[in-house]
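Order of listing sets the numbers, starting from 1, for every ligand and every atom in it. Numbers here are sequence positions counted from 1.
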Amino acid sequence: MALALRQNFTENKELTQQLARAGLGDHLCLIYENAEEQMAAVVPYMRQGLERNELCIYIADDRTLDEVRAALECGGIDVDAELASGRLAFATKREAYLKSGKFDPNSMLEYLAAIAADALEKGYTGFRVTGEMTWGLGSECGCDRLMEYEALLNNYFPGSKATAICQYNKNRFSPEMIRDVLRTHPVAILGEEVCDNLYFETPEMILGHECASKRTDWMIDGLRRHRKTERSLQKAIELRDEFLSIASHELNTPITSLKLQTQGLQRLLSKNGEHATIPREKLQKTLDTTERQVSRLSKLISNLLDVTRIGSGRMSLEPEDVDLADLIADVVDRTSDQARASGSVIKLNVSEPITGNWDRFKLEQVFLNLLTNALKFGSGKPVEVSLSSTGEKAVVSVRDQGIGIEAEDLSRIFERFERAVCASTVSGLGLGLFIAREIVETHGGMIRVESAPDEGSTFLVELPLAQT
Ligand code: ADP
């Protein structure tokens, strides 16, 4: 018996991740056709609620409480412990929707709001409920007002500390009812997908206070939203393709140079047969170039890794006590070769130590990027790096007198893969400033730029001195 019950739940990682993005304030419907589909959504939903210390209630009707309990246990929930602590509770339709023997939408709303308020008072972070709605198929008085209730819930959930999944068995409700379920839930769980519901209508529209012009506006709005999503997906694909072509070019350049260096040495070796020697000076030059190209390659690869980490929310800081004056002097020192090659002189205005609790390695990355850019785009003119403190925050500015940036590109350059110069003229992946902004903002600081074409650029970084 127990084995048969347990087979009802199989975790679907992707669905679980999508559900984790839903939370307090959300009103979802689940339209399912069998127990597996049903439990794949509600089990992780309940588990996430318990993990977030929300008061979680499961109202069973389509399944038996034993079946639900088995599925929750199979999903890693210690049901007995959670029930004993009071964080999890089971209820039946009689204990929830039909308390007074009949269903009344307004009393039910009041009842939900009271449980949510009570949960917060008891120290829970919110209230999460999921109900198997098959009770609404019953003959009890008021069941015909189910959709009125679902519509009214949309006045309650947004901004509240409560969330719900209303579970509808597609095989037991009429198509008309399922259609109305889709009209009354802003988010719909369909199989493995949690969908922003294009067909969601406001409570006023459902409850009949709408006019034709309001419905037209709603339809046009829906079309616009849909098209906007399509466009942004198209743009993402274009950006990805462009990025791949720039990235392969960028990765290829140092590899070509490395190839040339080794071929040069091989030529020298094969020229004089067994007695071949390579002059020390030539060898040193080759090694220097090799080292430069290898570090360029490793910088490109670590930028690519950083971007994937940021994309998946995995960038974390390792803060320590850092003297920013020291760190910046070190970064300036490390760019001295590039400065010489570009013809720019770096002026450092740093008078006193400014210490804070920051991630040293990541801040080095930020300032190395700003300084490298200043030298790259600085037209060989002096570059000035200044550090000051306002008491609450440290302010670093990196100023060049180079090509500058057009007004329309000022915010774009901080986005992923965005560049304001042509890929064929200046190398780069368009990732440095995106990564820099993520690092600075994760520190609770901010980064901005002041610039005009041909008048140079000043990049300003502010970092809070105290922990935020
Ligand atoms: P990249 O590695 O391609 O330089 P970044 O994200 O560091 O990527 O910079 C994005 C774009 O911002 C650059 O391609 C360039 O167009 C512009 N940019 C950055 N710094 C400067 C600067 N100091 N002067 C002019 N343009 C700059």
Side-chain angles (χ1 to χ4, degrees), residues 238-254 292-293 295-311 315 328 331-332 334-335 338-339 341-348 362-386 396-442 446-461:
E238 281 165 22
L239 220 55
R240 184 206 60 189
D241 290 347
E242 190 188 324
F243 168 74
L244 282 175
S245 97
I246 296 177
S248 15
H249 172 77
E250 285 293 311
L251 291 167
N252 217 9
T253 311
R292 254 200 324 277
Q293 300 305 341
S295 69
R296 185 171 166 190
L297 263 179
S298 96
K299 192 178 148 215
L300 284 169
I301 291 166
S302 78
N303 271 354
L304 290 171
L305 284 174
D306 277 345
V307 169
T308 42
R309 276 194 204 110
I310 293 168
M315 191 178 77
I328 286 174
V331 169
V332 169
R334 278 159 58 186
T335 48
Q338 194 195 342
S342 70
S344 291
V345 175
I346 304 176
K347 185 165 178 247
L348 187 58
K362 293 215 163 57
L363 286 191
E364 277 175 5
Q365 212 180 331
V366 171
F367 297 117
L368 205 53
N369 179 257
L370 294 184
L371 203 51
T372 317
N373 278 350
L375 295 170
K376 194 154 83 175
F377 300 107
S379 312
K381 294 184 188 154
V383 169
E384 204 173 324
V385 183
S386 311
V396 182
S397 78
V398 178
R399 190 160 77 89
D400 66 67
Q401 299 168 45
I403 63 168
I405 302 163
E406 298 278 352
E408 73 224 39
D409 293 328
L410 286 177
S411 58
R412 190 170 68 84
I413 55 170
F414 289 99
E415 298 304 325
R416 199 170 10 176
F417 311 142
E418 291 286 3
R419 315 185 64 223
V421 288
C422 166
S424 59
T425 50
V426 190
S427 66
L429 288 178
L431 292 177
L433 289 175
F434 170 71
I435 296 169
R437 187 184 62 180
E438 287 294 322
I439 293 176
V440 171
E441 289 182 356
T442 312
M446 68 159 208
I447 181 167
R448 63 193 164 88
V449 58
E450 291 164 2
S451 182
D454 300 323
E455 288 180 19
S457 310
T458 304
F459 282 84
L460 290 149
V461 174

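Residue Leu431 has at least one heavy-atom neighbour below 4.0 Å for each of these atoms of ligand 1: 6 (O), 8 (O). Listed by number with element, the atoms of ligand 1 under 4.0 angstrom from any heavy atom of Gly404 are 25 (C). Within the listing of ligand 1, atoms 22 (C), 24 (N), 25 (C) sit less than 4.0 angstrom from a heavy atom of Ser457.
Only the side chain of Phe459 comes within contact range of ligand 1, with a heavy atom under 4.0 Å; no backbone atom does. Contacts between Ile405 and ligand 1, counted as non-hydrogen atom pairs separated by less than 4.0 Å, involve the side chain only. In Asp400, the part holding a heavy atom less than 4.0 Å from any atom of ligand 1 is the side chain.
Below 3.5 Å of separation, one finds an N or O of Leu433 facing an N or O of ligand 1. Considering backbone and side-chain N/O of Gly432, one or more are found under 3.5 Å from N/O of ligand 1.
Side-chain atoms of Asp400 never come within 3.5 Å of backbone atoms of Val383 as a donor-acceptor pair (strictly under, hydrogens ignored). Panel note: side chain Ser451, backbone Ile405; a donor-acceptor pair is recorded below 3.5 Å. Ser397 places no side-chain N or O within donor-acceptor distance of the main-chain N or O of Phe459, the cut-off being under 3.5 Å.
In this structure the side chain of Gln401 never reaches within 4.5 angstrom of the side chain of Ser379, judged on heavy atoms. Asn369 places none of its side-chain heavy atoms less than 4.5 Å from the side chain of Ile435.
Of the inter-residue distances, the one linking Lys362 atom NZ with Asp306 atom CG reads 7.0 Å to the nearest 0.5 angstrom.
A salt bridge links Glu415 with Arg437: the distance from a Lys NZ or Arg NE/NH1/NH2 to an Asp or Glu carboxylate oxygen falls below 4.0 Å.
Counting only non-hydrogen atoms, the option in Asp409, Leu410, Thr372, Asn373 that gets closest to atom 7 (O) of ligand 1 is Asn373.
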